[in-house]
Peer 1: 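The structure under discussion is supplied below as structure tokens; questions concerning it will follow.
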Amino acid sequence: MIFKRPPAADLLYRLEHLPHGVFENPAIIHLCSNSLTDPKIADVTLAMTTMAKRAGCLVSVDANLRNNL
């Protein structure tokens with residue numbers, strides 16, 4: 001299977017795109033492990049995870065292993 005990914009939207013997302021106050025009320029944040037395949041989006045993903053956990057959110061992760069990514 002071939003994945004044509006760049007310039008996919010998830011690779012372009014940055015913390016400044018995160019809506020202000022999004023973690024003010026505890027909620028669920030769902031992440032996909034594919035967002036850990038690129039250093040920049042991995043940093044954003046881990047930062048969002050930290051922010052969400054500090055705010056009392058439940059963090060859900062889809063461990064979607066795709067070796068060719």
Side-chain angles (χ1 to χ4, degrees):
M1 184 176 283
I2 297 172
F3 290 94
K4 182 161 176 66
R5 195 158 180 225
D10 67 317
L11 296 175
L12 303 174
Y13 198 83
R14 299 293 178 258
L15 285 179
E16 58 265 19
H17 300 135
L18 193 64
H20 179 70
V22 71
F23 297 125
E24 286 180 2
N25 295 316
I28 298 172
I29 181 171
H30 180 74
L31 307 167
C32 181
S33 60
N34 291 342
S35 65
L36 301 173
T37 60
D38 175 84
K40 288 183 182 177
I41 192 59
D43 289 344
V44 172
T45 301
L46 295 174
M48 286 175 49
T49 301
T50 299
M51 293 166 64
K53 287 177 73 175
R54 285 185 184 153
C57 297
L58 177 66
V59 178
S60 169
V61 179
D62 177 6
N64 190 353
L65 178 63
R66 295 184 184 176
N67 289 322
N68 43 346
L69 286 179

Peer 1: Quick one: closest heavy-atom pair of A55 and F23, and the distance?
Peer 2: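 In this case the closest contact between A55 and F23 is CB-O, 3.0 Å.
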Peer 1: Would you confirm whether S33, through its side chain, and D62, through its main-chain N or O, come within 3.5 Å as a donor-acceptor pair?
Peer 2: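 Present.
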Peer 1: Let me confirm one number: the OG1-NZ distance from T49 to K53, rounded to the nearest 0.5 Å.
Peer 2: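 Spacing of OG1 (T49) from NZ (K53) equals 8.0 Å.
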Peer 1: State yes or no: do L12 and I41 share one hydrophobic cluster built from I, L, V, M, F, W and Y residues joined by side-chain heavy-atom distances below 4.5 Å, directly or via other members?
Peer 2: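 Result: no, two separate clusters.
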Peer 1: Establish whether L46 and L31 are linked, either directly or via other cluster members, by ILVMFWY side-chain heavy-atom contacts under 4.5 Å.
Peer 2: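 No, separate clusters.
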Peer 1: Give the minimum heavy-atom separation between P26 and C57, together with the two atoms involved.
Peer 2: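 In terms of heavy atoms, the two residues are closest at CA-SG, 4.1 Å.
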Peer 1: Mark yes when over 12 heavy atoms from residues, nucleotides or ligands other than N25 sit less than 6.0 Å from its CG; otherwise mark no.
Peer 2: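 No, CG of N25 has 12 or fewer neighbouring heavy atoms, counting only those of other groups under 6.0 Å.
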Peer 1: Holding to salt bridge (Lys or Arg N to Asp or Glu O under 4.0 Å), I want the full list of residues that pass it with D10, two or more places apart in sequence or in another chain.
Peer 2: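 Partners of D10 under the salt bridge (Lys or Arg N to Asp or Glu O under 4.0 Å) test: R5.
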Peer 1: Enter the distance from Y13:OH to L18:CG here, rounded to the nearest 0.5 Å.
Peer 2: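 Output value for this atom pair is 4.5 Å.
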Peer 1: So, for N34 and T37, which heavy atoms are closest and what is the spacing to 0.1 Å?
Peer 2: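 Closest approach of N34 to T37: O-OG1, 2.8 Å.
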Peer 1: Does M51 belong to the same Ile/Leu/Val/Met/Phe/Trp/Tyr cluster as L58, with side-chain heavy atoms less than 4.5 Å apart forming each link?
Peer 2: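 No.
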Peer 1: So does L15 have more than 12 non-hydrogen atoms from other groups sitting under 6.0 Å from CG?
Peer 2: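 Yes - once you tally the heavy atoms of other residues, nucleotides and ligands closer than 6.0 Å, there are more than 12.
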Peer 1: Which atom pair, heavy atoms only, marks the closest approach of I29 to M48?
Peer 2: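 Smallest interatomic distance, heavy atoms only, reads CD1-CE, 3.8 Å.
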